[in-house]
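The structure appears right after this line, and notes come after that.
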Amino acid sequence: MSEKLFMQMADLMDSDGWKKVGYEYLCIDDCWMAAERDSKGRLQADPIRFPSGIRHLANYVHSKGLKLGIYADVGKKTCAGYPGSFGYYDIDAKTFASWGVDLLKFDGCYCDSVEQLADGYKYMSLALNKTGRSIVYSCEWPLYMWPFRKPNYTEIREYCNHWRNSGDVYDSWQSVKSILDWTSSNQKTIVSVAGPGGWNDPDMLVIGNFGLSWDQQITQMALWAIMAAPLLMSNDLRHISPQAKALLQNKDVIAINQDSLGKQGYLLRKEDNIEVWERPLSNLAWAVAMVNLQEIGGPRSYTINIASLGQGVACNPACHITKLLPVKKKLGCYEWTSRLKTRINPTGTVLLQLVSQTT
């Protein structure tokens, strides 16, 4: 990790179409810091990895029309053992603002109690606001709260812009599947709290790496859109395949993810290893994702009653259906009483957009 790497990523986000489709934050995670604070108690960048400092990097990122994200921790140390922000919330907020930081990912390691954890997340939120700089606040508050008690999501939403609920994503199907399982198991608690200004964060997209098959990459992209998740990629843009790049830059899927109604989708039903997820969209439209969880065999046929989708109103009296993934195809007009048959690859997903004929 080095400033050179982040400058290369900024160059590619600008030149290879990422910024154009909406990816605008370039985020540094743990391990960017020096081992000690400076003589005035301020965090400082590792002088070997970031010899020009974070302010210089922020200026470079901003010159590309992008924004810079940085990482810190609510406790005494970061998860990797670098200086934490406990006892330094105000000074760290001022430091980040003075550097031109646009997003703070605030981790939750090395806290002595859940009370200290909650108080720290609240304090840093207020400290960031006091700087006068607009800084997106990414929390891990509920992730660290769940082992002890059910988080108060109404309170968390008052302080954070998005928040992690479940463990770190890894470049594996098992990891992606476990995040989807956690989300669906807890959807009665978390779905209703999401909306403009505050979002559930199922962690990063690992599309374009090595651990997911092509169908599994489609599943992650489709379901992150359904979940109204922040789209933050964890990959190397210098070596990404054209296929993965096209998926991550798919404007139709990004439009669902970023839909202005701002409502998170949910698992509608699960039967015989097929999951059906749906999400209400603006202008009375709906997105529907059908996931084949079976990991062996070939594609499976699945038939669904149109009347069961979109709380019974998505296609009443009729709607136009477009398949967006795996490959875009207009499927035509469907009446409320009709049925839709599709084929879904193992661990793959078919993503549909339903647009009411009345709009």
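Nothing fancy with the numbering, it's 1 onward along the sequence.
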Quiz item: Got a sec, which pairs hit ring-ring contact (aromatic ring centres under 6.0 Å, His included) with one end in residues 315-357, sequence neighbours left out?
Solution: none
Exercise. Check ring pair (Phe, Tyr, Trp, His ring centres under 6.0 Å) between W224 and all other residues, then give those that pass, not counting sequence neighbours.
Key: none
Quiz item: How many angstroms lie between CD1 in I70 and CG in L26, if you round to the nearest 0.5 Å?
Solution: 11.0 Å
Self-check item: Evaluation steps, salt bridge (Lys or Arg N to Asp or Glu O under 4.0 Å), between D38 and K40
Solution: CA-CA 5 Å; D38 71 12; K40 295 183 179 178; over 6 Å; no
Quiz prompt | Minimum side-chain heavy-atom gap S301-K341 below 4.5 Å | solution = yes
Quiz item: Are a donor atom and an acceptor atom from the side chains of Y89 and D119 found within less than 3.5 Å of each other?
Solution: no
Quiz item: What distance do N59 atom CG and I54 atom CD1 have between them, rounded to the nearest 0.5 Å?
Solution: 11.5 Å
Exercise. Would you please name every residue forming a salt bridge (Lys or Arg N to Asp or Glu O under 4.0 Å) with K76, sequence neighbours left out?
Key: D112
Self-check item: Non-hydrogen side-chain atoms of L309 and C315 separated by less than 4.5 Å
Solution: no
Quiz item: What are the two closest heavy atoms between Y144 and C79, and how far apart are they?
Solution: OH-SG, 3.6 Å
Quiz prompt | Under the salt bridge (Lys or Arg N to Asp or Glu O under 4.0 Å) test, residues paired with D181 that sit two or more places apart | solution = none
Exercise. Indicate yes or no for a side-chain donor-acceptor contact from R279 to the backbone of I256 under 3.5 Å, with no hydrogens or angles considered.
Key: yes
Self-check item: Inter-residue atom distance Q220.CD - L212.CG, 0.5 Å rounding
Solution: 6.0 Å
Practice problem: Under the side-chain contact (heavy atoms from CB on, under 4.5 Å) rule, what do E24 and D102 come out as? Steps first, then yes or no, please. | Solution: CA-CA 10 Å; E24 59 177 340; D102 304 292; over 6 Å; no
Quiz item: Has the side chain of T349 got a donor or acceptor atom that lies under 3.5 Å from a matching backbone atom of L351?
Solution: no
Practice problem: Carefully, step by step, assess V288 and I304 under the rule side-chain contact (heavy atoms from CB on, under 4.5 Å). | Solution: CA-CA 11 Å; V288 174; I304 194 163; 5.6 Å; no
Quiz item: Would Y121 and F106 count as a close aromatic pair, with their ring centres under 6.0 Å?
Solution: yes
Quiz prompt | Taking every non-hydrogen atom, the tightest pair across T154 and V193 | solution = N-CG2, 4.4 Å
Exercise. Show the numbers, then the answer: is there a side-chain contact (heavy atoms from CB on, under 4.5 Å) between D252 and T322?
Key: CA-CA 10 Å; D252 294 318; T322 303; over 6 Å; no
Exercise. Using a 4.5 Å cut-off on heavy atoms from C-beta on, say whether the side chain of S138 contacts that of L104.
Key: no
Exercise. Might you point out which heavy atoms bring E278 and I226 nearest each other, and give the distance in Å?
Key: O-CG2, 4.2 Å
Quiz item: Should V313 and L261 be regarded as members of a common hydrophobic cluster, given that ILVMFWY residues are connected when their side-chain heavy atoms come within less than 4.5 Å of each other, either directly or indirectly?
Solution: no
Self-check item: Non-hydrogen side-chain atoms of K67 and V136 separated by less than 4.5 Å
Solution: no
Self-check item: Whether Q264 side chain and Q187 backbone form a donor-acceptor pair below 3.5 Å
Solution: no
Quiz prompt | CH2 on W286 to CD on Q311, rounded to 0.5 Å | solution = 4.0 Å
Quiz item: Are N165 and L143 close enough that some pair of their side-chain heavy atoms sits under 4.5 Å apart?
Solution: no
Quiz item: Between N292 and Y302, does a side-chain contact (heavy atoms from CB on, under 4.5 Å) hold up when you go through it step by step?
Solution: CA-CA 9 Å; N292 177 7; Y302 184 71; over 6 Å; no
Quiz item: Heavy-atom distance under 4.5 Å between the side chains of Y110 and F86, does that happen here?
Solution: no
Quiz item: When you check the side-chain N and O atoms of S282 and D259, is any donor under 3.5 Å from an acceptor?
Solution: yes
Quiz item: Mind checking whether E140 and K105 have side chains closer than 4.5 Å, heavy atoms only?
Solution: yes
Exercise. Taking all heavy atoms of I179 and all of P202, pick out the closest pair and write down the distance.
Key: CD1-O, 3.4 Å
Quiz item: Can you name the closest pair of heavy atoms from W277 and M227 and give their distance?
Solution: CZ3-CG, 4.3 Å
Quiz item: In terms of hydrophobic clusters joined by side-chain contacts under 4.5 Å, are F148 and I190 together?
Solution: yes
Quiz item: Of the non-hydrogen atoms in E3 and L57, which two are nearest, and what is the gap between them?
Solution: O-CD1, 4.2 Å
Quiz item: If we ignore angles and hydrogens, is there a donor and acceptor under 3.5 Å between the side chains of N209 and Y170?
Solution: no
Quiz item: If we only count heavy atoms from C-beta on, is the Q353 to L281 side-chain gap below 4.5 Å?
Solution: yes
Exercise. Could you list all the disulfide (SG to SG under 2.5 Å) pairs where at least one residue sits in residues 168-226, not counting sequence neighbours?
Key: none
Quiz prompt | Backbone of G208 reached by a side-chain donor or acceptor of Q217 within 3.5 Å | solution = yes
Quiz item: Got a sec, which residues hit salt bridge (Lys or Arg N to Asp or Glu O under 4.0 Å) with E155, two or more places apart in sequence or on another chain?
Solution: K122
Practice problem: Look up atom CZ in R164 and atom SG in C139, then write down how far apart they are to the nearest 0.5 Å. | Solution: 12.0 Å
Practice problem: Look at the side chain of S192 and the backbone N and O of K188, then say whether any donor-acceptor pair between them is shorter than 3.5 Å. | Solution: no
Exercise. Would you check if the side chain of R42 reaches a backbone N or O of I91 as a donor-acceptor pair within less than 3.5 Å?
Key: no
Quiz prompt | N257 side chain vs A229 backbone, donor-acceptor pair below 3.5 Å | solution = yes
Exercise. Measure the spacing between CH2 of W163 and CG of N200 and express it to the nearest 0.5 Å.
Key: 6.0 Å
Exercise. Quick one: sort the F50 and F6 rings into parallel, tilted or perpendicular, breaks at 30° and 60°.
Key: tilted
Quiz item: Distance only, no hydrogens: is a donor on one side chain within 3.5 Å (strictly under) of an acceptor on the other, for D107 and Y71?
Solution: yes
